[in-house]
Number of protein chains: 2
Amino acid sequence: MSKTRITLKDVANKVGVHSSTVSRVLNPETRKMVTEEIAARILSAAAEMGYRPNAFAQSLKTNRSFTVGVMVPDLTNPAFAPIIKGIDNMLEAHGYSVIVANTYNLPEKQQSTAEKFRERHVDGLIIATAQRKDKLIDDCRREGTPFVQAVRASNDTDVSSVLSDEHIGGNMVISHLAQLGHKRIAYVAGPQFFSTGYERYQGFLQGMKNAGLKPDDDLVVFCEEFSEEEGRNATSKLLAGRKKFTAVYAGNDIMALGVYDELEADGIKCGKDISVVGFDDMPFADKFNPPLTTVHTPLVNVGSEAARILLEKINDADIPARTIKLKPDLIVRESTGRVR
Amino acid sequence: MSKTRITLKDVANKVGVHSSTVSRVLNPETRKMVTEEIAARILSAAAEMGYRPNAFAQSLKTNRSFTVGVMVPDLTNPAFAPIIKGIDNMLEAHGYSVIVANTYNLPEKQQSTAEKFRERHVDGLIIATAQRKDKLIDDCRREGTPFVQAVRASNDTDVSSVLSDEHIGGNMVISHLAQLGHKRIAYVAGPQFFSTGYERYQGFLQGMKNAGLKPDDDLVVFCEEFSEEEGRNATSKLLAGRKKFTAVYAGNDIMALGVYDELEADGIKCGKDISVVGFDDMPFADKFNPPLTTVHTPLVNVGSEAARILLEKINDADIPARTIKLKPDLIVRESTGRVR
DNA sequence: AAAAACTATGCAAACGATTGCAGAACATAT
DNA sequence: ATATGTTCTGCAATCGTTTGCATAGTTTTT
């Protein structure tokens with residue numbers, strides 16, 4: 001059925017002009033080069049015949065694919081879906097398609113998908129998987145590939161990224177807890193090789209300072225990954241220690257869920273006996289038991305801003321790197337309460 | 001820095017052969033055509049120079065893009081992330097890239113992304129947005145585009161799809177509820193223009209029959225979309241009616257969440273006073289308050305099976321359509337209990 | 001009215017691969 | 001030794017665009 005696709009030449013023949021003329025008409029940039037009347041005839045013929053440009057031929061010639069690659073650790077992690085949505089919305093509006101790949105936090109997977117993206121000649125990359133020191137970032141810089149980091153950033157200075165302001169977040173959390181009378185606040189830290197893990201921890205430290213509280217090293221435990229399980233382990237360590245605490249602040253919502261579990265298993269009521277706060281405000285955080293007090297990161301905006309910056313970079317390679325920190329909000333729900 | 005890309009000709013020159021020879025060596029299918037020794041030299045030269053095929057040139061010539069388009073209603077809906085993950089894993093292993101697009105359940109958006117996919121010459125489509133009567137499906141069939149439907153299916157018979165067996169699911173739910181002594185079971189139905197909405201409703205009806213119960217039309221309310229809000233509205237209608245019920249079965253987990261809200265707002269304890277069950281077992285359904293009894297659909301498998309079938313179809317256009325129904329499981333949690 | 005300056009269109013060469021065909025080189029059969 | 005058959009490799013066309021250049025046609029200038 002779907003006979004051969006219509007090409008430039010086909011519509012050229014029909015109208016009785018050369019294919020290059022058709023090409024010029026169809027490209028807004030060069031439309032004005034050709035007579036109004038011919039242009040009109042070409043346009044209507046193209047529409048009538050249902051002409052669709054062949055993206056390969058175009059890309060081959062122009063060396064632009066109007067495609068960007070997005071790397072996330074795991075599509076299934078609810079925090080990343082909104083980011084991709086933001087990216088997709090923005091890019092789509094500009095005629096780009098996005099190719100998503102999961103790296104599962106595996107460096108070799110990251111490497112191989114970078115390779116795949118290169119083969120497909122993506123015009124740029126959005127990277128949500130960067131570690132604080134990351135080979136991929138080095139490579140991209142060396143090769144001059146346009147890219148921007150989202151949510152997580154490497155330590156490099158002159159690269160673009162859009163992040164949540166983790167320090168502000170930390171401050172808000174601690175001041176909220178302090179206001180409720182909490183002094184002995186435990187911190188369940190995410191992996192320190194991710195900027196999110198590191199910066200949030202720094203934010204916690206600074207928040208404590210600002211609140212006039214002294215962080216207690218015995219009440220800080222570092223996790224190897226942002227997972228429920230690590231959240232549980234950390235909590236059981238905390239519980240096993242002899243230091244008392246009235247609140248625990250987790251590196252992200254998923255870990256907070258692990259905290260819930262372990263506390264619950266110990267017969268401790270979250271939000272009553274011990275306050276718990278997370279970070280991210282992932283979808284459905286308001287449905288947990290109890291609804292989780294957390295720092296809302298505007299994830300969709302992180303995605304769309306990252307996309308916007310990438311577009312700028314793609315269209316003008318000389319544009320200077322830029323890093324945007326989006327203001328987070330504290331969302332108070334029932335997992336935090338006055339200290340008893 | 002990233003000087004000009006290495007082409008076939010470059011490595012041909014280096015080795016002192018013609019580019020076509022290099023092409024043959026690099027393609028496993030034609031490798032045997034050329035002398036071992038030359039092949040070896042070409043291979044090592046290619047590796048050394050870091051040759052990467054230009055996907056556009058390849059696609060232009062072969063008319064295969066090794067790309068597939070995936071349509072979902074909303075990436076942000078937690079039920080779809082696992083599906084995409086399954087698709088991606090399977091396809092990636094076969095050298096394909098996936099382009100994802102959200103249609104937000106808007107027919108015109110669906111249409112335009114189909115257009116976009118056509119332009120990009122995707123080799124096939126996975127459609128998770130189909131309505132029971134769907135123009136897109138008609139179009140694809142007419143054009144002979146390889147595609148498979150995932151989760152939702154149109155009414156058409158000879159098209160491939162991979163679904164959850166909604167009837168079995170319904171049976172399990174009702175028999176579980178019946179066993180707990182529930183007789184007056186309300187049903188909050190999803191949109192009937194989606195197969196999921198329709199089939200699940202049929203499954204409910206059949207489940208009731210099998211359990212020897214009589215469904216009460218006054219206890220069935222149809223929703224316009226699978227949303228929390230619709231779940232709330234439906235519940236308030238149910239509550240307003242004079243018919244009593246001891247359990248409510250919702251068309252999916254998200255709607256069940258709406259049921260929770262409204263019941264709660266009425267001072268009714270879910271799982272105690274009234275049992276509620278959902279469908280899908282979306283991520284974190286076990287974290288809700290109370291943890292939700294629901295039908296677990298193997299979403300990742302839905303994705304990977306859909307991808308597998310699509311690959312078959314792409315590689316052999318004559319392969320007959322196939323529809324797979326995956327067995328769901330009932331996951332009993334705390335939102336259901338013995339009738340009081 | 002001829003020269004100069006534009007305009008609008010066509011021509012043809014790319015882009016980087018794949019692939020049918022042809023011919024060279026060599027092996028085998030007669 | 002000739003005819004025949006096999007391998008192997010190169011040639012060149014092709015996929016569908018884009019785009020610099022040439023040219024025919026038109027307008028402006030003098």
Side-chain angles (χ1 to χ4, degrees), chain A residues 2-43 45-46 49-67 95 118-123, chain B residues 2-43 45-46 49-67 95 118-123:
Chain A
S2 98
K3 45 221 100 189
T4 58
R5 291 185 56 82
I6 308 287
T7 73
L8 275 187
K9 208 165 286 177
D10 295 330
V11 4
N13 286 341
K14 171 136 185 178
V15 179
V17 297
H18 192 262
S19 62
S20 58
T21 305
V22 179
S23 167
R24 287 190 260 255
V25 170
L26 265 21
N27 182 330
E29 306 253 305
T30 49
R31 161 101 96 262
K32 49 184 182 229
M33 285 185 180
V34 6
T35 322
E36 291 261 339
E37 187 257 334
I38 297 200
R41 270 170 45 218
I42 289 178
L43 253 8
M49 302 174 76
Y51 168 78
R52 292 290 137 204
N54 182 319
F56 303 143
Q58 282 182 145
S59 294
L60 178 57
K61 191 64 183 151
T62 61
N63 215 27
R64 294 271 310 254
S65 63
F66 286 93
T67 264
R118 249 188 292 270
E119 267 178 43
R120 297 211 174 257
H121 287 242
V122 297
D123 291 339
Chain B
S2 96
K3 44 221 97 187
T4 59
R5 290 185 59 82
I6 309 287
T7 74
L8 275 189
K9 207 165 285 178
D10 295 330
V11 2
N13 286 340
K14 172 138 181 176
V15 179
V17 297
H18 193 263
S19 64
S20 58
T21 305
V22 178
S23 169
R24 286 190 261 256
V25 170
L26 265 20
N27 182 331
E29 307 252 307
T30 49
R31 161 102 93 264
K32 52 186 180 228
M33 285 184 180
V34 4
T35 322
E36 291 262 338
E37 188 256 333
I38 297 198
R41 269 169 46 216
I42 290 177
L43 252 9
M49 302 174 75
Y51 169 77
R52 291 291 135 204
N54 182 319
F56 304 143
Q58 281 182 145
S59 294
L60 178 58
K61 189 66 180 139
T62 62
N63 215 29
R64 294 271 311 254
S65 62
F66 286 93
T67 265
R118 250 188 293 270
E119 268 178 42
R120 296 208 175 260
H121 287 242
V122 298
D123 291 339

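Excluded from the calculations below are hydrogen atoms, water molecules and symmetry mates; all remaining heavy atoms, backbone and side chain alike, are included. In what follows, every chain begins at residue 1, and chains take the letters A, B, ... in the order their sequences are listed.
Residues meeting the side-chain hydrogen bond (donor to acceptor under 3.5 Å, both in side chains) test with B:Thr67, sequence neighbours left out: A:Arg120. Every residue two or more places apart in sequence or in another chain that forms a salt bridge (charged side-chain N to carboxylate O under 4.0 Å, His left out) with B:Arg64 is listed here: B:Asp123.
Between B:Asn54 and B:Thr7, every side-chain heavy-atom pair lies at or beyond the 4.5 Å cut-off. With a 4.5 Å cut-off on side-chain heavy atoms, B:Ile6 and B:Val11 count as touching. Side-chain contact between A:Leu43 and A:Arg31 is present, with at least one heavy-atom pair separated by less than 4.5 Å. A heavy-atom distance below 4.5 Å is not found between the side chains of A:Val22 and A:Val15. Looking only at side-chain heavy atoms (C-beta outward), A:Leu8 and A:Leu26 come within less than 4.5 Å of each other.
Here salt bridge (Lys or Arg N to Asp or Glu O under 4.0 Å) pairs that include residues 13-25 of chain A, with residues two or more places apart or in two chains, are A:Lys14-A:Glu48.
Over its full length, the helix from C:dA1-D:dT30 to C:dT30-D:dA1 turns its helical axis through 50°, comparing axes from the five pairs at each end and rounding to 10°.
Atoms NZ and CZ, on A:Lys61 and B:Phe56 in that order, are 14.0 Å from each other to the nearest 0.5 Å. B:Glu37 CD to B:Ile42 CD1: the interatomic distance, rounded to the nearest 0.5 Å, is 9.5 Å.
Residue contacts shown for A:Arg52 are limited to sugar-phosphate atoms, with no base heavy atom under 4.0 Å away.
Nucleotide C:dG16 holds its C1' atom 9 Å from the CG atom of B:Leu60, rounded to whole Å. One interatomic measurement links the two molecules: CD of A:Glu36 to P of C:dT7, which rounds to 15 Å at whole-angstrom precision. Rounded to an integer number of Å, the gap from A:Ile42 CD1 to C:dG10 C1' is 12 Å. Rounded to whole Å, atom P of C:dG16 lies 7 Å from atom CG of A:Asn63. Rounded to an integer number of Å, the gap from NZ of A:Lys32 to C1' of C:dA8 is 14 Å.
Although no hydrogens or angles enter the test, the distance criterion places no donor-acceptor pair under 3.5 Å between the side chain of A:Asn13 and the main chain of A:Asp10.
The phosphate of C:dT18 has OP1 or OP2 within less than 4.0 Å of a side-chain N or O from B:Gln58.
The 5' end of DNA chain D is approached more closely, in terms of each residue's nearest nucleotide, by B:Ile38 than by the other of A:Ala57 and B:Ile38.
Of all nucleotides in DNA chain D having an atom under 4.0 Å from a heavy atom of chain A, the first and last in 5' to 3' order are D:dG16 to D:dG20.
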What protein N or O atoms touch nucleotides 19-25 of chain C N or O atoms at under 3.5 angstrom, if any, and at what distances?
none

